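Before any comments, here is the structure.
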Amino acid sequence: TELEVTHWWTSGGEAAAVAEFAKAFNATGHTWKDGAIAGSGGVARPIIISRILGGDPMHATQLNHGRQAEELVEAGLMLDLTDVAEAEGWRDIVHPTSLLDSCTVDGKIYCVPVNIHSWQWMWLSHKAFADAGVDVPSNWDEFVAAAPALEAAGKIPLAMGQQPWQSSGAFGVLTVAIAGPDAWLEVNANKNAEVAAGPEYAKVFQAAAAARAMAANSNVQDWNQATNLVITGQAGGQIMGDWAQGEFQVAGQVAGVDYTCLPGLGVNEVISTGGDAFYFPKNDDPEITKAQKELASLMLSKEVQVAFNLKKGSLPVRGDIDLSAANDCMKKGLDILAKGNILPDGNQVLSADTTGQIEDLMVEFWNDPSITAEDAQARYAEIIASAD
Amino acid sequence: MGYTSENLAEIAIDTPQTLAEPSVRIKNLDLNFGSVKVLQNLNLDVGKGEFLVLLGSSGCGKSTLLNCIAGLLDVSGGQIFINGKNVTWSEPSERGIGMVFQSYALYPQMTVEGNLSFGLKNARIPKEEIAKRVARAAEILQIEPLLKRKPSALSGGQRQRVAIGRALVRDVDVFLFDEPLSNLDAKLRADLRVEIKRLHNQLDNTMIYVTHDQVEAMTLADRIAIMKGGKIQQLAAPGEIYNRPVNKYVAGFIGSPSMNFLQGNIQTGDTDVFLSGDVSIPLAGYAFDGLGRSPGKAWLGIRPEHILTGAEAEAAPFNTQAVIEIVEPMGSDTLVWTQLAGERIRIRMDGQSDVREGDTITIGFHAERVSLFDEATENRI
Amino acid sequence: MGYTSENLAEIAIDTPQTLAEPSVRIKNLDLNFGSVKVLQNLNLDVGKGEFLVLLGSSGCGKSTLLNCIAGLLDVSGGQIFINGKNVTWSEPSERGIGMVFQSYALYPQMTVEGNLSFGLKNARIPKEEIAKRVARAAEILQIEPLLKRKPSALSGGQRQRVAIGRALVRDVDVFLFDEPLSNLDAKLRADLRVEIKRLHNQLDNTMIYVTHDQVEAMTLADRIAIMKGGKIQQLAAPGEIYNRPVNKYVAGFIGSPSMNFLQGNIQTGDTDVFLSGDVSIPLAGYAFDGLGRSPGKAWLGIRPEHILTGAEAEAAPFNTQAVIEIVEPMGSDTLVWTQLAGERIRIRMDGQSDVREGDTITIGFHAERVSLFDEATENRI
Amino acid sequence: MAIAEIQGQSTEDVRPPVRLFRNLNAKIASIPMIMTAVFVFIGCTVWTIVHSFTKSRLLPKLDFVGLDQYERLWGTRRWLVSIENLAIYGICSLVLSLVIGFTLAALLDRKIRFENTFRTILLYPFALSFIVTGLVWQWILNPDFGIQSVVRGWGWESFTFDPLYNPDIVIFGILIAGIWQGSGFIMVVMLAGLRGIDEEIWKAARVDGIPTWKTYIFVVIPMMRPVFVTALVLITSGIVKVYDLVVAQTSGGPGIASEVPAKYVYDKMFQAQNLGQGFAASTMMLLSVVIILIPWAYLEFGGKKRG
Amino acid sequence: MADTTAQNGSEPWGPKPRKRFSRKNIMLYGTLLMVSIYYALPLYVMIVTSLKGMPEIRMGNVFGPPMEITFEPWVKAWAEACTGINCDGLSRGFWNSVRILVPSVILSIAVASVNGYALANWKFKGADVFFTILILGAFIPYQVMIYPIVILLRELGLYGGLWGLVLVHTIFGMPILTLLFRNYFTAMPEELFKAARVDGAGFWGIYFRIMLPMSLPIFVVAMILQVTGIWNDFLFGVIYTKPDLYPMTVQLNNIVNSVQGVKEYNVNMAATLLTGLVPLVIYFASGKLFVRGIAAGAVKG
Ligand SMILES: Nc1ncnc2c1ncn2[C@@H]1O[C@H](COP(=O)(O)OP(=O)(O)OP(=O)(O)O)[C@@H](O)[C@H]1O
Ligand SMILES: Nc1ncnc2c1ncn2[C@@H]1O[C@H](COP(=O)(O)OP(=O)(O)OP(=O)(O)O)[C@@H](O)[C@H]1O
Ligand SMILES: [Mg+2]
Ligand SMILES: [Mg+2]
């Protein structure tokens, strides 16, 4: 049976990772029909929704799991995978289990998590610090302290791209590091506006304001241009998810020698467990439904997980596999995962609308020094208060 | 030279006055563009084989009337009959008419042959028949050598002939011409005018011909309809219109240079006279319209070519002395401007006359040649 | 009626023949468009205050010549002087010329006043001066009430006057007109023609006027230049051109309806005669050009209006009988077609003549009124 | 002799045919247009307006919430900034496109050599998709490796040119690329219009001694009104929909300094999964377009008869 | 007659001498050259970048010519770049694009030209109202119409296929194209239309036999507009069709718009240039007709 699969993994590594899925699936006698669309959810979502509304959906599609897909599930448009999950004991093998929780609506499982990406990283350029004559910092506070030296040496202390998701992502990282996971959970999961307006968050906003000042001269748009500033030593560091690692690799840099990665900014070594998941729109054809379920189980199988995540550079969703081939930073992440210092990803707890509003605020805040930390916090608290 | 009303009547006699079954009959025609009433309650009968010219100044509704007859405009009221059939709502192609346009309107991408046969092909006429008709039209119009050319490779006159040919091949009863010659230069115009006349003699179709060129109207028409503001002012044979215009508008419109007018009073008595300033013109011999010879304010009109000079003037019932103000030699004629009763008037003299500005000459005319119009209604008296 | 060569000379006498200091002098002018030679070695002097008309069929180079004088086209060779100054390379605005175009070329979004004053404002002439000149021009042209209107709200004649006014306010020495009346209808054209003539009398400027309308040319011109294929065929006073055309082209071009031509032979002897078919026309009284009265093949031309009929014909040195083929009544005149020596010829008769197709009439003419042209060169003999 | 007498009423009285069937073919041929106008444009508009009163999120749903979406819309700073940007961008782009388009057309109209080459160069941006050309502009305008750095490299150390990175002028940075892409087409439209101007007007102006630039401004431009109208429709419809340009260059940044309404609509609908909000925003856009255009459209297309 | 004495050497004679480098010319060509630089600069950057290797691009001089010219990016963009698991570059979607382009261009122009013709020559009551609505439609941001049109297409049973997409292109091209055609046909001599009616040609007869052959220029203009628009369209192509039919721009987007991972700018540039080639070729091929056609379409407003 032929299954059409939509996803937005189109760059080199990503495509290679998808190819692993396809290879495994094709090996079962089915056919993987690739429908890759680059761009983030903004491009893919109207396509996916249109296909579903048009009554001619694809057979499987990548989506950020969590709140985003909820409505589709509620509208009864997605295939229920509970039987597969129970038969294969997903609850036991998926680690952290929170990943599966975000696939669950009313006790039923609707998606397959395939990997873990985490935002909680900071990347530091050894060259930049060497040029400035300071040691490479080992946590956020040291980094802040080293900033004037970097600036004096003509460096940009903190590289930042201009895309909205970068701004709000960096803020999220700062929150977890400075306010701590508990406060973060309280605000994001429980929508507690008081905490959001409280003193812990005030510190976060102060830190963000400081970061804003450090990033003031970072005149790049794309995240990888910002990463490039770090790679070339023009900037001291960058707050960016684990995917940044690929850039260092392509540039031939070695972790620990040319650059350093700090999970959780070196303050709170916690990583959020965002990631990707696949959904399976309902289909009338029982053949296809059968194939869809096969694909679902295949995606979680050990071999596919290993093959896929090694190519993708992300962490597997199963705790029971061995990734000895992983590099330095990845191993750090695995360690933290193993310790259970994990948080759900923002996408899993906040609706897309709220995320959008926070993005808007963050973008504004990062780019407009006239917005004080207090103002921003007040507006942030408002958004949290009205979030659903 | 004496002019009598008899020979005037003779000129008019050509006209087919027997309209037992008119070729085109227009009944109470109204046409509005939105709120603008262009034609109002217009009635017109055109006889079989008649050559009718619609003449009028720009914007008077000539083209509009023609378009209504052709079915290119939807009438707002009234009816149109062609050969006794009510065609008010028929398609243009079903009316049995052919039309020739001012701008030729040839299909630029087709050859002359294509242009001629387009209408026939549309009517699904067999090939041989088409070929025959095209050949005949080409022969009549002497455009055989041009059949394979495109319109852009033709001169103005040749294009016009093709345009006529397009109507010709369709074997229609009624030809409509909308200022077919006005884009051409004077010489060509004269030549084609003769050709159209010849064609009419040869073909016997009804022709309705719009122009604002008087010479065309006078030379071609069996009857002329003079239009103004969407109404027909006078419908009559050319001679009649020239000699006995029904109102001052028609009188001034027809004739070039146009008629001279004097304002004054008619005094009836033993001999009727027209008084204007210090001039008194005897009206003996003037053919009054009906009984309307009452005294009152009036206009007297006299054509420049009817004002006599020299010995002829001295022999005329009315004559006076006048000083020449301007002399316009025109080759075959000379136009002379002078004053009569305080009005500036024009006189057409022979082209070889030896007159100079400042000369004093004798001018005069016969009462039969003048026209009188009521001052208020401007209608002929 | 007798015609002598004396009074012909008199007609021509108006012309300022004294060209001591011509207003416009054109020397050896060449103009090529790429490889097309439009004007070739053209020489022309126009006197101060003269009204010169350039007449010729379409495409003969009239507009091109005018544009060269105006400086709107760069000449390919030769020189142009205006008031003695060599302006060959000057800008149009520096030449002291004003130009009036066929399409008026009014600035559509400006009022009449704006149109008149735009050029002056541009020349930084003081405000009061501008106002004065505009007022004067408006007065001369009688367009005072229109000053605040836009061109779109004017009639054709009014627009034309504004176009003239635009040249007028600039106080130029030379006016150039490029077919200024050809977009207008016949009546308006006649009126404006008179107005331009009046203006010329009043202003005393040199005027060069392009047209292909003969009536305009004849009535307006002090001298007419007949052009053909970029060359001047004849440059003379209107009477001269009408009566003594230098070649067959000019003869046929001037006059409407145009001259009748008979092909034949000149036989010299005791009395010179022209033989054509079975017709022999005595040439006694014909003013030969120079000594060229040798026998040989030739064309004889006679104007339709110079062919006499009836009693006058019988009195003429040459007369014969002819059968009328077509009668074209034109109101003031009647055109009659008949045959002479196997050629179809036209005769212009009085509009009131009582003739019918098929009638036999006597026609005749005086030898003074004919023109003879060599068959080979087509030049006047 | 007066008007010919009319006797003998004709017996047949042909009634005018039913209105609907007159011009039937034209009506049939216009069906696609009518369907598009009614079902697509009006239909979609109504659908959108109705849904703007709901709290549709990912999927369109009919849970009405009154004017909530509008209240939120007008309480959102990003929307306000977008509107302001659109106004600035719109006016500048309109004026500049017309001015540049016209000026270039006028230059090309001066009977120059290589006209074809110049025209193609000016037109080519129109052919290239903006996804990448936006990136190129981003580079060129980047202070660190674009024009600024080049000029500084030449020795002007104080030279500053960073339109895309300065929130105060970012919209003008976008304008630079917007003009680059769109003005070539406007230029071609204008050029064509110029070729339609009566040659004699030019001659008259030359005889009057009016300098060329003045002739353009006072005589030619006013005569080209219809061309400007066509250009106006082309430009404004482009302005209202401007989206790619911003996304490709700044994604609305820095901050929200270069946000535009179409992007707001798009982001709300597909990124934030708040269809209702996106619909409310687009309804507002539509409303303003309609307010500006209806009277004009009536004058331009409805009121005037063919002549 | 005037005597033509020998020409005085110093006097102006013959053609006015033209300075090749007059101030006016320098201004004119100078301005055009400057402007051309503004227009051509991005093209230059794109070409230069597409010929560089990634390491050279990382060094950051966007204006510098390539130190080492490589055609690798072009090859990659055309034949090797991956879209998901299919690594055959732009070549994959090329034929799809052509398949979409040809019927879309033909249908949209056919429909719009007939509309314009009906509006110009066969006015019926209410036509102007529909036309006004249509023109207003040109101003609706099309994101808004995505879902309703999905529903519409679903109801028509066209969703997901080529014809659905063709229909969408036809609908979105209609306002501007109809405006263009209407103005063009209005400017054509009305008498020609009347003559054809008298000759018995009907609505379609006149359209095909008279109007069509005379309006080739405006058809070329419309074609250029539509080819550019449809060829570069991404959103509709991807929303209203399935992967089998995805146009080339989907590959372009995939090459260019990958959010994560390495951005290969040189390949991006090469891909864009390759994609733009088809419209560019059409511009070059029809430059002259383009101008003439627009004149007639635009001049009458
Ligand atoms: N489509 C139209 N809408 C409104 N008014 C019109 C229209 N067509 C013509 N008219 C008006 O109708 C009147 C008659 O026009 P028509 O074309 O019949 O004049 P005409 O006698 O043929 O003039 P011309 O000699 O200039 O051709 C004019 O006043 C004109 O303004
Ligand atoms: N720009 C041009 N390029 C080439 N040939 C031209 C150009 N302008 C005019 N001509 C040719 O030059 C000749 C003279 O043209 P011109 O306009 O002077 O004629 P004209 O006597 O004014 O005619 P008309 O009475 O039609 O106005 C014509 O044969 C014409 O074809
Ligand atoms: Mg008319
Ligand atoms: Mg001319």
Side-chain angles (χ1 to χ4, degrees), chain D residues 23 25-27 29-30 32-34 36-37 40-42 44 47-48 60 104 107 110 116 118 120-129 131-133 136-137 139-140 145 150 180 188-189 191-193 195-196 226-227 229-230 237 240-241 262 265-266 269 282 285-286 289 293 297 301-302 306, chain E residues 28 31-32 35-36 39-42 45-46 60-63 111 114-115 118 122-124 127-128 130-141 143-145 147-148 171 174 178-179 186 202-203 228 232 253 256 268-269 272 275-276 279-280 283-284 287 290-291 294-295 298-301:
Chain D
N23 258 352
N25 267 323
K27 285 176 185 168
S30 302
M33 176 184 82
I34 295 172
T36 304
V40 182
F41 293 127
I42 293 202
C44 288
W47 190 89
T48 304
L104 291 180
L107 290 179
R110 302 310 300 163
N116 244 324
F118 279 119
T120 314
I121 291 178
L122 302 185
L123 194 55
Y124 96 89
F126 190 63
L128 294 181
S129 118
I131 312 179
V132 168
T133 39
V136 174
W137 273 108
W139 286 358
I140 293 175
F145 42 87
V150 169
W180 171 80
V188 173
V189 172
L191 183 60
R195 299 267 151 100
V227 179
V229 167
T230 306
S237 67
V240 171
K241 294 196 247 180
V265 171
Y266 197 86
M269 286 177 72
S282 58
M285 286 171 69
L286 212 64
V289 167
L293 287 181
F301 305 115
R306 189 199 156 119
Chain E
L28 189 72
T31 316
L32 277 172
V35 171
S36 298
Y39 280 87
L41 190 65
V45 171
M46 288 173 81
N61 183 359
V62 294
F63 298 110
V111 167
V114 172
N115 280 343
W122 298 83
K123 275 214 166 163
F124 52 90
D128 281 328
F130 294 117
F131 183 60
T132 307
I133 294 170
L134 208 63
I135 294 300
L136 286 176
F139 292 87
I140 303 176
Q143 295 93 336
V144 174
M145 303 208 273
Y147 290 161
I171 287 172
M174 205 181 284
T178 304
L179 177 72
T186 308
F203 184 87
T228 312
N232 284 330
N253 173 67
V256 173
N268 292 354
M269 300 298 157
T272 307
T275 312
L280 264 180
Y283 289 10
F284 275 113
F290 196 14
V291 169
I294 277 276
V299 168
K300 261 220 165 177

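In what follows, chains carry the letters A, B, and so on, assigned in the order in which the sequence lines appear, proteins first and then strands, with residues in each chain numbered from 1. Small disclaimer: the values here were computed from a predicted structure and weren't measured.
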Would you please test E:Ile140 and D:Phe41 for side-chain contact (heavy atoms from CB on, under 4.5 Å) and show each step?
CA-CA 8 Å; E:Ile140 303 176; D:Phe41 293 127; 3.9 Å; yes
I'd like to check the ring-ring contact (aromatic ring centres under 6.0 Å, His included) partners of D:Phe118; sequence neighbours left out, ordered by chain and number.
none
Which of D:Val150, D:Thr120, D:Val240 touches chain E most, by non-hydrogen pairs under 4.5 Å:
D:Thr120
Which bit of E:Thr272 is near chain D, if near means a heavy-atom gap under 4.5 Å: side chain, backbone, both or neither?
both
Against chain D, work out which of E:Thr31, E:Thr275, E:Val35 has the most heavy-atom pairs shorter than 4.5 Å and name it.
E:Val35
Under 4.5 Å from any heavy atom of chain E, what part of D:Pro32 do you find: side chain, backbone, both or neither?
both
Residue among E:Ile171, E:Leu280, E:Val111 with most heavy-atom pairs under 4.5 Å to chain D
E:Ile171
Keeping the roles fixed (side chain from D:Tyr124, backbone from E:Tyr39), state whether a donor-acceptor pair exists under 3.5 Å.
yes
If I compare all heavy atoms of E:Val45 with all of D:Trp139, which pair ends up nearest, and what's the gap?
CG1-CE3, 4.1 Å
What one should report as the nearest heavy-atom pair of E:Phe203 and D:Ala26 is CE1-CA, 3.4 Å
Holding to side-chain hydrogen bond (donor to acceptor under 3.5 Å, both in side chains), I want the full list of residues that pass it with D:Trp47, two or more places apart in sequence or in another chain.
none
Which heavy atom of D:Ile121 sits nearest a heavy atom of E:Ala40, and at what distance?
CG2-CB, 4.3 Å
Contact class of D:Ser30 relative to chain E, heavy atoms under 4.5 angstrom:
both
Comparing D:Leu128, D:Val289, D:Ile140 against chain E, the one with the most heavy-atom pairs below 4.5 Å turns out to be D:Ile140
Please find the pair of heavy atoms, one from E:Leu134 and one from D:Thr36, that lie closest to each other, and give the distance.
CD1-CG2, 4.1 Å
Considering all heavy atoms of both residues, which atom of E:Phe131 and which atom of D:Met33 are nearest to each other, and what is their separation?
N-CE, 4.5 Å
Using side-chain contact (heavy atoms from CB on, under 4.5 Å), reason through D:Asn25 and E:Trp122 one step at a time and then give a plain yes or no.
CA-CA 9 Å; D:Asn25 267 323; E:Trp122 298 83; over 6 Å; no
Smallest heavy-atom separation, E:Val114 atom then D:Ala29 atom, equals CG1-CB, 3.4 Å
